[in-house]
Amino acid sequence: MQFDRRTFIRQTAGAAAVVAFMPDLSLASRLAGADPLQLAVIGAGRQGRAILAELQKMPACKVIAVCDSDDSRLQSGLRRSQNAEGFADYKAMLDKKKEIQGIIVATPTHLHRQIALDCIAAGKHVYCEAPLASTVEDSRAIAAAAGKAKTVFAVGLEGRSNPIYKLARTFYKSDAFRDLISVNAQHHQKNSWRIASGDSAKDKEVNWRLDAAVSTGLMGELGAQQFDVVHWYLGAYPTVIRGYGDVRFYKDDGRKVADTASCDMLFSNGVRLHYQATLANSFQGRHEIFSGSNAAFKLAWTHGWMFKEADAPTQGWEVYANRQQFGNEEGITLIADATKLASQGKLKDGVGLPNPSLYYALEDFAASVLTGKPPTCSAEEGMRASIVAILANKAVVTGEEIKIAESDLK
Amino acid sequence: MNTRFEFVVIGDDESHLRGATEEAIAEIESCEDRLSLFRPGSLLSRINRRASMEPVGVDRETFELLAAAKRLSAMTEGAFDPTVAPLMKVWNLHDSASSAADAPSLEAARQCVGVHLVELDPDRLTVRFTKDGVSLDLGGIAKGHALGLAEGVLRRAAVDAALIHAGASSVTAIGAPPGTDGWKIGLAGMPRDDESESSDGSRQESEPHGANPQGAASFTDGPGAFVCPPRRLAPLGSDGADHSIVFLKDQSLSVSAPHGRETTVDGQRVTHILDPRTGRPAPAVRIAAAIADDPTVAEAISTALIVLGRRPRHLPLAYVTILPADSQAYPFCTEPFNAV
């Protein structure tokens, strides 16, 4: 192949963009010829079905059982599986299907504890959705049990597995970003959170997110994922949280759980995170913005961009990097697998991840089970993230300033 | 799908209805994630990459859709064919600019088209292509399938009156608005049976022919077919009992019209609808519609009507088809269409 200088620099640009990040070989190629991991999914609601859809794409995984106490949800879940067996009771499933190796727990958050403990006790590898639990005590109990087990326990905090987030973190730790000044994050999505059950007797049960007695609110159900990205990048947890929340839009259904909430977190190095979430507006969706003295990152789960400061040093590869315009701002697109795509002349096709974030988190779990590598998000990290989210929700609900000591996260 | 979905949902509890509709929308989005040809991470993209090398396992819902697509292809004499993607690629019809396909490319693509090249294993729920180059494109039934999923969500949430439509071309009705026999759907692109054209080109209204007192569509070519004479098109928003109104209750309607997606090839205007049997753009009937209990079936049949220019010969009577009477081939159609 003839190279001109521009092509050479573009391809080297791709290489520079992944200089400290070598994308893992796909799980399938690493495990070619091995038997697929036998999995079960407990909880066939929307997240459970999303999990089933992603697992269906992985030949290294086979879902052999689906469990849900609600028959309508169970049947919906089974339709999203390839010949899995259905169960209404997870204990009966554990008893009958001894060949299950790993279990995905995707039930309502306040039900995680007992299910997770029983699955660990049954000797199964567990992937538990985030937040890990709805109380500090439950979070600690799960982490303690997982810590003693010989099996894998992974928490579904997806940022840590996300290829674009991993790539951005390599730049975050470099002079390209330099000093962290502040973090802003949001989750805006117009959605009532109201589940319309066909059986009014089950209304309270299915609308657990709107039940103030058990729900961790926007901070727990949405914020936990994004707080954990900040924890991971900073290598630190907040020491003070202030929160605010209100029912701003869905005033007619009697809910007490805020549909709009925000919090400010102070970290020990003086950095603050400002976070806001709302169910009443979708503008700009879900993202985190890390502002540094040389650049800012905007990370939006399937996409990511770097916005350089005018006085930041220029790297040679930037001249030919893929860029996107946002009003007056120009962002360098952060593309996972840039080197491979550049060599195929498909760099523009790489904008945006081909799979949702959930896919990579599940793939990492499977890889941990099959290859022995440590989970991307351990039970202990998941516990800490969960506790932060629970305390953020407490700040929103009570209006009190919450102080967090290191011992609170143990 | 690049399609706007709209919901009209009737009930007493707005919060319940909103929740049900949000769930239905989430189901549509999930369907797109799984079955879009244009998302490299979708299950369909994975099938297209791998199925010529090995059987690819799929979930039950996807398997049933693929099985239905094969049955629909047979039912429509091959005029609907989910394996048409290689031909679409040769004609470049997925993009806005198209080019005439040369004969060798066309023939090579035709060898990779046909549902007989797709093997489904109902015990293992796998799909396999029997040769390289085969590719599935479910675009011809995607909207219908999504409507069916959304309808299922609403029904399970005990919604008993709703209308969902996908773009302006596919609509499914749950029950009927209170006090009516069905949701009133206007086919504004469909010729009116009652119109005649005077020498100066103006239209003269006359009494509707064959319409029943309630204005529902009447069937003038035997059960299952609704045929319109080739007249000027009904103006948008027209009222009254005429043959361009249908009433839907627990049924689905799909309309296919080649207008809006046309290009010029070798000096001839052609449409985006390919005839899978010949490998060439279909000389299109101006507009066609089908009514069925299942929105996926309705969509496949309306596509087939455009290709065939007539009702499939062995289509069961339960499926209503709507076509201009002479069904002559028109090289292009520019009249606007809206379902109201």
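Each chain gets a letter, A, B and so on, in the order the sequences are listed, and its residues count up from 1.
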Residue pair B:E23, A:R49: steps toward the salt bridge (charged side-chain N to carboxylate O under 4.0 Å, His left out) verdict: CA-CA 12 Å; B:E23 186 68 30; A:R49 295 198 300 275; 3.0 Å; yes

Please report the C-alpha distance between A:R79 and B:E64 in whole Å, then the side-chain angles of each, then the deciding distance to 0.1 Å, and finally whether the side chain to side chain contact (heavy atoms under 4.5 Å, CB included) criterion is met. CA-CA 10 Å; A:R79 288 186 61 74; B:E64 288 178 1; 2.9 Å; yes

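Contact count against chain A (heavy-atom pairs under 4.5 Å) is highest for B:G41 among B:G41, B:G19, B:A20. The candidate with the highest count of non-hydrogen atom pairs below 4.5 Å against chain B, out of A:R46, A:K62, A:E54, is A:R46. Among the candidates B:V58, B:D123, B:D13, the residue making the largest number of heavy-atom pairs closer than 4.5 Å to chain A is B:V58.
Within residues 114-122 of chain B, no residue has any heavy atom closer than 4.5 Å to a heavy atom of chain A. Residues of residues 192-200 of chain A that come closer than 4.5 Å to chain B, counting heavy atoms only, are A:S192, A:W193, A:R194, A:I195, A:A196, A:S197, A:G198, ordered by residue number.
Environment of CZ in B:R49: crowded, with over 12 heavy atoms of neighbouring residues, nucleotides or ligands closer than 6.0 Å.
Atoms CG and OG, on A:N207 and B:S15 in that order, are 7.5 Å from each other to the nearest 0.5 Å. Atom CZ of residue B:R18 and atom CG of residue A:N191 lie 9.0 Å apart, to the nearest 0.5 angstrom. For the atom pair NE2 of B:H16 and CG of A:D203, the computed distance is 8.0 Å after rounding to the nearest 0.5 Å. With rounding to the nearest 0.5 Å, the separation of CD in A:Q75 from CZ in B:R156 is 10.5 Å.
Residues B:E14 and A:D252 fail the side-chain proximity criterion, which asks for heavy atoms closer than 4.5 Å. Using a 4.5 Å cut-off on side-chain heavy atoms (C-beta onward), B:T126 and A:Q82 make contact.
Salt bridge annotation for B:E27-A:R80: present, with a cationic side-chain nitrogen under 4.0 angstrom from a carboxylate oxygen.
When atom types are taken as modelled, the side chain of A:K57 and the backbone of B:S42 share no donor-acceptor pair closer than 3.5 angstrom.
Interface residue A:Y250: only side-chain heavy atoms are found under 4.5 Å from chain B. Neither the backbone nor the side chain of B:R50 has a heavy atom closer than 4.5 Å to any heavy atom of chain A.
A side-chain donor-acceptor contact under 3.5 Å links B:R60 and A:N83.
Across every non-hydrogen atom of B:L125 and A:S81, the tightest pair is CD1-O, 4.4 Å.
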